[in-house]
Amino acid sequence: MIAPSQIRAARALLRWSQKDLSEKSGVSLRAVNKFESEECDPRLSTVNAMQHALQNEGIIFVTEMDRVGVFLRFKQ
């Protein structure tokens with residue numbers, strides 16, 4: 001599963017606010033905020049919705065045993 005820090009980084013690359021992510025993923029703004037601030041363990045469906053919304057805009061998540069990261073693939 002992707003980490004809250006990856007969501008924050010992905011939003012920064014896209015210049016999205018939490019509200020933008022909420023609207024584009026269908027996840028409540030409160031759920032986005034709670035996940036990013038690590039206040040709760042969200043449902044897998046919630047994380048997947050955020051992840052898919054970001055990936056649809058070109059975000060690539062890297063989650064390996066010894067590293068995590070976020071990249072932006074430029075659309076042509």
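Judged purely by distance below 3.5 Å, without hydrogens or angles, the side chains of Asn48 and Ser45 never pair a donor atom with an acceptor atom.
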What side-chain donor-acceptor pairs closer than 3.5 Å can you find for residues 21-30, not counting sequence neighbours?
residue: Ser22; atom: OG; partner: Val27; partner atom: O; Å: 2.6
residue: Ser22; atom: OG; partner: Leu29; partner atom: N; Å: 3.2
residue: Ser25; atom: OG; partner: Leu21; partner atom: O; Å: 2.7
residue: Ser25; atom: OG; partner: Val27; partner atom: N; Å: 3.3
residue: Ser28; atom: OG; partner: Ala31; partner atom: N; Å: 3.0

Taking distance alone, no hydrogens or angles, what donor-acceptor pairs closer than 3.5 Å link side-chain atoms of residues 49-60 to residues at least two apart or in another chain?
residue: Asn56; atom: ND2; partner: His52; partner atom: O; Å: 3.3

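Hydrophobic clustering (ILVMFWY, side-chain heavy atoms < 4.5 Å, transitive): Met65 and Val68 are in distinct clusters. In terms of hydrophobic clustering, with Ile, Leu, Val, Met, Phe, Trp and Tyr side chains grouped at heavy-atom distances under 4.5 Å, Val62 and Phe74 are assigned to different clusters.
The closest side-chain heavy-atom distance from Thr63 to Ile2 is below 4.5 Å. Within the 4.5 Å cutoff, side-chain heavy atoms of Asp20 are placed close to those of Ser17. Phe35 has its side chain within reach of Ile7: a pair of non-hydrogen atoms, C-beta onward, lies under 4.5 Å apart.
Legend: residues meeting side-chain contact (heavy atoms from CB on, under 4.5 Å) with Ala3, ordered by chain and number and at least two apart, are Ser5, Gln6. In this structure Arg67 satisfies the salt bridge (Lys or Arg N to Asp or Glu O under 4.0 Å) test together with Glu64, sequence neighbours excluded.
Here salt bridge (Lys or Arg N to Asp or Glu O under 4.0 Å) pairs that include residues 44-56, with residues two or more places apart or in two chains, number zero. Every pair passing side chain to side chain donor-acceptor pair (under 3.5 Å) that includes a residue from residues 35-44 is listed here, sequence neighbours excluded: Arg11-Glu36, Gln18-Glu36, Ser37-Glu39.
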